[in-house]
Amino acid sequence: MAFSQSSRARLTSHDLGRFPGATLFDRLGRAVCSAGCLPRKELFEAWEVARRVRRLFRGGRIVDLGGGHGLLAQAMLLLDNSSPSALVVDTSLPPSSARVHAALAEAWPRLAGRVEFVARPLEGIHLQSTDLVVSSHACGDLTDRVLDRAVSARAAVAVLPCCHDLATCNWGSLAGWVDRPLAIDILRALRLEGQGYRVWTQTIPAAITPKNRLLLAAATAVAMPAATSAAIPAATPAAD
């Protein structure tokens, strides 16, 4: 049977042989396998989002809203060590988030003490303009709430929207030309531009998820250090 990157099956020690190399991704895969609790899809999704975000934005505290296990935030710390710390926020954190962090910190001791997990609504989190706000598969209007919080602080932001709720999300007058979920995301990008943000629209591989549109934005008044597209390769050699 083919190894599907979109599978929700857990990665366990039985999958270690699927990540045999010395690249950063393979090392991350082995650490996730040793934790034994993450869906396969979550690993591939977090990696593809993290490396695309890091091609554009360096440094800043990483704030992962609706972050669950916090794999995205920690992958971003591994890709760019200039970020001082990461904050993972969710209304209810998975009990296994501690196990995932312990497995990653064992493989990369420099992660220890740099990742904080907080169980509270995202509206209760204080953001700064120097933060880098991320959210992967923010369902329904959670994407809009994440964007609103980032804009209120003039922070850079990257979201991978999911499960577009047609009852709560705005598709404007575009539904006659494009499907409504796409219309919702187009309006999100336009709204950010109207709020003084520079916007980038990208995708992650559809083999991982059909909800693969990645929206990135940075306030034009806030100069964030940018990386060249060659700075973060698809498979980064291991380096501690």
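Start at 1 with the first residue, then count along the sequence.
F44 is not connected to L16 by any chain of hydrophobic side-chain contacts under 4.5 Å among Ile, Leu, Val, Met, Phe, Trp and Tyr, and they are in different clusters. Note: the hydrophobic cluster containing L93 also contains V32 (ILVMFWY, side chain heavy atoms under 4.5 Å, direct or indirect links). Put simply, I62 and W200 are part of the same group of oily side chains (I, L, V, M, F, W, Y) that touch within less than 4.5 Å, one to the next. Residue L190 is not grouped with residue L147 when hydrophobic side chains (ILVMFWY) are merged at heavy-atom distances under 4.5 angstrom, including chains of intermediate members.
Separation of atoms CZ (R110) and CG (N81) is listed at 4.5 Å; rounding is to 0.5 Å. Atom CD of residue Q202 and atom CG of residue L216 lie 5.5 Å apart, to the nearest 0.5 angstrom. If you take CG on L38 and NE2 on H69, they are separated by 5.0 Å, rounding to the nearest 0.5 Å. Going from atom CG of L65 over to atom CG of L142 covers 8.0 Å, rounded to the nearest 0.5 Å. For the atom pair L43 CG and D15 CG, the distance stands at 10.0 Å (nearest 0.5 Å). Here CD1 of I184 is found 9.0 Å from CG of D179. Values are rounded to the nearest 0.5 Å.
Looking only at side-chain heavy atoms (C-beta outward), F19 and R27 stay at 4.5 Å or farther from each other. Between D26 and P20 there is a side-chain heavy-atom pair separated by less than 4.5 Å. A heavy-atom distance below 4.5 Å is found between the side chains of M76 and L132. Here the side chains of L71 and L28 are in contact, with some heavy-atom distance below 4.5 Å. Side-chain contact between L24 and W108 is present, with at least one heavy-atom pair separated by less than 4.5 Å. Using a 4.5 Å heavy-atom cutoff, the side chains of E116 and S85 are not in contact. At least one side-chain heavy atom of L127 sits under 4.5 Å from a side-chain heavy atom of R61. Proximity of E45 to L72: side-chain heavy atoms (C-beta onward) are nowhere separated by under 4.5 Å.
The backbone N or O of L182 lies less than 3.5 Å from no partner atom in the side chain of D185, so there is not a single donor-acceptor pair. Side-chain N or O atoms of N212 include none that pairs as donor or acceptor with a backbone N or O of T203 at under 3.5 Å. For the pair S83 (side chain) and G60 (backbone), a donor-acceptor distance under 3.5 Å is present. The closest donor-acceptor contact from the side chain of R52 to the backbone of E48 lies under 3.5 Å. Between the R30 side chain and the G21 main chain, a donor and an acceptor come within less than 3.5 Å of each other. At least one donor-acceptor pair under 3.5 Å links the side chain of Q74 to the backbone N or O of G70.
In plain terms, the two heavy atoms of G36 and R99 that are nearest each other are O-NH1, 4.1 Å. Closest non-hydrogen pair, A189 versus V199, comes out as O-CG2, 3.6 Å. Taking all atoms of both residues into account, the shortest heavy-atom contact from Y197 to A218 is CD2-C, 3.3 Å. Of all heavy-atom pairs spanning S97 and F117, the tightest one is CB-CE2, 4.0 Å. Shown here for A31 and A103, the closest heavy-atom pair between the two residues is O-CB, 3.6 Å. The two residues R58 and R54 come nearest to each other via the heavy atoms NE-O, 3.4 Å.
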Please step through side chain to side chain contact (heavy atoms under 4.5 Å, CB included) for the pair R213 and T201, ending with a clear verdict. CA-CA 7 Å; R213 290 190 289 271; T201 55; over 6 Å; no
Apply the test side chain to side chain contact (heavy atoms under 4.5 Å, CB included) to residues L192 and L215: give CA-CA distance (whole Å), side-chain angles for both, the deciding distance (0.1 Å), then the verdict. CA-CA 10 Å; L192 285 168; L215 175 61; 3.8 Å; yes
Intermediate values then yes/no, side chain to side chain contact (heavy atoms under 4.5 Å, CB included), V151 and R191: CA-CA 10 Å; V151 169; R191 186 167 67 250; over 6 Å; no
Trace of the side chain to side chain contact (heavy atoms under 4.5 Å, CB included) decision for H137 with T209: CA-CA 10 Å; H137 269 267; T209 174; 3.5 Å; yes
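Around atom CD of E106, no more than 12 heavy atoms belonging to other residues, nucleotides or ligands sit under 6.0 Å away. Counting heavy-atom neighbours within 6.0 Å of R10 CZ, excluding the residue itself, gives a total of 12 or less.
Residues satisfying the side chain to side chain donor-acceptor pair (under 3.5 Å) criterion with S6, sequence neighbours excluded, are S4.
Exactly one of V157, V159, D64 qualifies for a side chain to side chain contact (heavy atoms under 4.5 Å, CB included) with V133. That residue is V157.
Electrostatic pairing of D148 and R145 does not count as a salt bridge here, judged by no charged N lying under 4.0 Å from a carboxylate O.
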